[in-house]
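These notes concern the structure reproduced below.
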Amino acid sequence: MSGLITWARIKSPWLFHFNSGSCNNCDIELLDALTPRFDVERFGILLEGSPRHADVLVVTGIVNRQTLPRLKRIYDQMPNPKIVVALGTCATSGGIFSEGYNIAGPVDKVIPVDVYIPGCPPRPQAIIDGIVKALAKIQALRGGKR
Amino acid sequence: MTKLKAVLEGFRALIKGPFTVRYPFEPSPPPETFRGAPKRDIEKCTACGACYQNCPTKAISILDLGKEVAVDVWYGKCIFCARCTEVCPEEAVKMSLTYDLSTYNKEEVRESVSMPAQRCQICGKLITSDRQVDKVIDRVKILPLPLNYHMMVSLCPECKRKQQATLLLGLRVERVPAITIPVAVSEKK
Amino acid sequence: MIDLWVVGLSIAYIVLIGLLIAPNIGLFLTWIHRKLGARMQWRIGPPIYQPWADVIKLLSKELIVPETAHRATFLLAPLLALATVILAFLIMPFVGRTPLAFVGDVIVVIYLMSMPALAAMIGGSASGNPYAAVGVQREMTLIFSYELPFIMAALVPILKARSLKFIDIINYQLGNGPLVFTISGFLAFVVMVMVMQAKLALPPFDIPEAKTEIIAGPYVEYSGPLLALFKLAHAVMLLVVACFVSNMLLGGLIVSDWSSYVVILTDLLLIAVKILVVIIIAAFIRFYNPRLRPDQAFGMFWKTITFIAALALILSFVPIPYF
């Protein structure tokens, strides 16, 4: 039974995309992945509008002070089990904005992150690669934590 | 009229089949001039530090590992701007076509190139790599050099200044009042 | 006194057909929509097990009831949606069963088919979210606009067959040919297709659940198993609407003569073709049109579609064949 549930979780990851202060390049590349050229819907990925419907949170941008409480609230609103993907160099480590005066740190200082996808911006193929790694992590956990 | 064209386009798409690149089951190579992860040629790199000084995010760091000096690029901080490629005097850095760098642990996407280090013979501080010293000697050997140049080349700036002052003044002095210009070539790890 | 075996048989009937067959066929029809839409957009589209994976994944997630929600109503609304839709499927004739043929079952099915939208409204109001309130208001606007033309179009087969039972309508069509090949029947079919898009909340009428405008509308606070029930209700609603239109206008979904194998085979094939025709028409309209504004949809239903439905109704009184 847990094998069936793990299979269903791998075959149907629904994304929620949150931009916490990015230059929008990574957002454009993420939306590029939904276009007919790269078509992530063949993996069952849908872009959802409400955080309560999604189980993968994709965060772009470095978290600034204004988006910090909002990011935390969205992370809390998502039902378990959930996976967080940090998309782009800014979300991984801050990139060129890491010395700013209004920066509340890269994403893993705010919420726990599962997969990092470096790139400025990462190609849609790199995003697909990262999502596949995230799904492999669900497979490895097999109904474990979170 | 445009609605009719849209309907015909839909039928054409149904007949001709999808246009998708089935990555990751099909390879999808980027174009030739794509700026992927910067890769260093270990034969050519001399750990001179030009890339470190020019990196906008300080993703490159020069590490002091005792007998070796390493040039370490952290792809988690790299913005793939190719400045290191532009300023490298030995043309050792090339932007490769690698783009799939996703990882579970962000600290492990690094590339490290290490080579034997040249330490100061008096105080032991790291100067640069062996190869950089060889290259410098190679380039200046057509000039008339003092006979003790090989010794001078293996000293750090402070010790070199002290030795030179000693030789100039001809006496052994304890301290040389000098205006020390800080030269941040390397970082101690 | 009701015998125990009658009770047992009816429970078995409800469970086997209602809970096992109807959702599976409905999920298959949602897959057809997604795959067809993807192929029309030069994409590949999801594999065939996708809707089942979606539902199982949603059933295994955590259930969150927000603080501002009225708990009982919040939990009961998706059950209401699914139960009414399955009941509507069970009442209609489908491949050789006509169990509950009573006078007025058409009216009961029409009434039950408006319940999923109402259940979405109830659930949306119960969740206490301002986005849900906006979604509920938009859904109410839509319901007000399409109910009148729907009733008028549904009256056309009733008037032609002079009866309120599905069986009589189907027998009339077996005798005189499917009603869609008459003028009034064809106009009623056009009206019903338009109203079907609005009932299923598909573009161009997906005003209640407009992802880019109001973040999932009434369903915004639903997560996990409750959302799975809503998705199942949507899937079975596809099947119910297809069956309704087929039964009323396309000639019925029953096997006419169980004695001859040839007739059984051709009738089963025709049943599949009729349901698929309705679904594919809905898919084409869905993928070729952008979303309408609420006031545009309201105007379109009250002006154009009601006019066409009135025309169909008037023409259906004319006793000439093919009218």
Side-chain angles (χ1 to χ4, degrees), chain A residues 22-23 25-26 29 32-43 58 62 83-100 106-109 112-138 140-141, chain B residues 6 9-10 12-39 54-61 72-85 95-111:
Chain A
S22 119
C23 69
N25 240 333
C26 294
E29 296 290 328
D32 272 352
L34 297 168
T35 53
R37 184 78 174 154
F38 306 108
D39 194 24
V40 287
E41 197 179 350
R42 58 197 159 101
F43 298 117
V58 178
I62 189 168
I83 290 224
V84 178
V85 174
L87 187 66
T89 296
C90 286
T92 309
S93 66
I96 39 181
F97 302 116
S98 54
E99 316 270 328
V107 178
D108 51 12
K109 281 200 185 147
V113 175
D114 290 300
V115 178
Y116 300 89
I117 307 181
C120 191
R123 281 184 104 202
Q125 290 92 333
I127 298 179
I128 294 177
D129 188 48
I131 302 279
V132 164
K133 280 209 166 75
L135 297 178
K137 193 165 192 181
I138 304 182
L141 287 179
Chain B
E9 168 93 22
R12 194 155 38 108
L14 271 175
I15 297 170
K16 280 204 182 155
F19 164 72
T20 312
V21 173
R22 285 163 174 81
Y23 183 85
F25 308 116
E26 269 178 15
S28 170
E32 287 294 321
T33 52
F34 183 72
R35 297 200 308 267
K39 292 271 197 284
N54 274 286
C55 181
T57 57
K58 295 283 181 272
I60 305 181
S61 37
D72 179 278
V73 183
W74 184 27
Y75 294 134
K77 206 119 192 265
C78 175
I79 58 172
F80 308 93
C81 60
R83 261 190 176 180
C84 48
T85 316
M95 302 305 272
S96 67
L97 298 177
T98 311
Y99 55 84
D100 46 353
L101 300 163
S102 52
T103 169
Y104 297 124
N105 175 10
K106 68 178 180 181
E107 297 292 335
E108 70 183 24
V109 269
R110 302 179 167 269
E111 189 213 25

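Side-chain atoms are counted along with the backbone in the values below, which use heavy atoms only and exclude waters and symmetry mates. Sequence lines set the chain letters: A, B, ... in the order given, protein chains first and strands last, and positions in each chain run from 1.
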**OP:** Determine, step by step, whether B:T20 and A:R42 satisfy the side chain to side chain contact (heavy atoms under 4.5 Å, CB included) criterion, reporting the C-alpha distance in whole Å, the side-chain angles of both residues, the deciding distance to 0.1 Å, and the verdict.
**Re:** CA-CA 10 Å; B:T20 312; A:R42 58 197 159 101; 4.2 Å; yes

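- Put simply, the side chain of B:T103 never gets that close to the backbone of A:Y116: no donor and acceptor are under 3.5 Å apart.
- Heavy-atom distances place both the backbone and the side chain of A:R37 under 4.5 Å from chain B.
- Rounding to the nearest 0.5 Å gives a distance of 11.0 Å between CD1 of A:I96 and SG of B:C78.
- For B:P30, the parts lying near chain A are the backbone and the side chain together; criterion is any non-hydrogen pair under 4.5 Å.
- Of the residues considered (B:F19, B:Y75, B:W74), B:F19 shows the highest number of contacts with chain A, using heavy-atom pairs under 4.5 Å.
- The part of A:S98 that comes within reach of chain B is its side chain, from C-beta onward, which places non-hydrogen atoms under 4.5 angstrom from that chain.
- Using modelled atom types, one side-chain atom of B:Y104 and one backbone atom of A:K133 make a donor-acceptor pair closer than 3.5 Å.
- For the pair A:R123 and B:F34, the distance from NZ or CZ to the six-membered ring centre is under 6.0 Å and the angle to the ring normal is within 45 degrees.
- Taken from CD in B:E107 to OG in A:S93, the straight-line distance is 9.0 Å, to the nearest 0.5 Å.
- Taken from OG in B:S28 to CD1 in A:I128, the straight-line distance is 8.5 Å, to the nearest 0.5 Å.
- When heavy atoms are compared at a cutoff of 4.5 Å, B:R35 does not approach chain A at all.
- Salt-bridge annotation for A:D108 and B:K106: present, with a side-chain N of the basic residue lying under 4.0 Å from a carboxylate O of the acidic one.
- The CD1 atom of A:I127 sits 12.5 Å away from atom CG of B:D100, with the distance rounded to the nearest 0.5 Å.
- Nearest heavy-atom pair across A:P118 and B:L101 is CD-O, 3.2 Å.
- Distance check: B:N105 CG to A:D114 CG gives 12.0 Å after rounding to the nearest 0.5 Å.
- There is no contact between B:C81 and chain A, counting heavy-atom distances below 4.5 Å.
- Taking every heavy atom of both residues into account, A:D129 and B:S102 meet most closely at OD2-OG, 3.2 Å.
- Across all their heavy atoms, B:Y99 and A:Q125 have their closest contact at CE1-CB, 3.5 Å.
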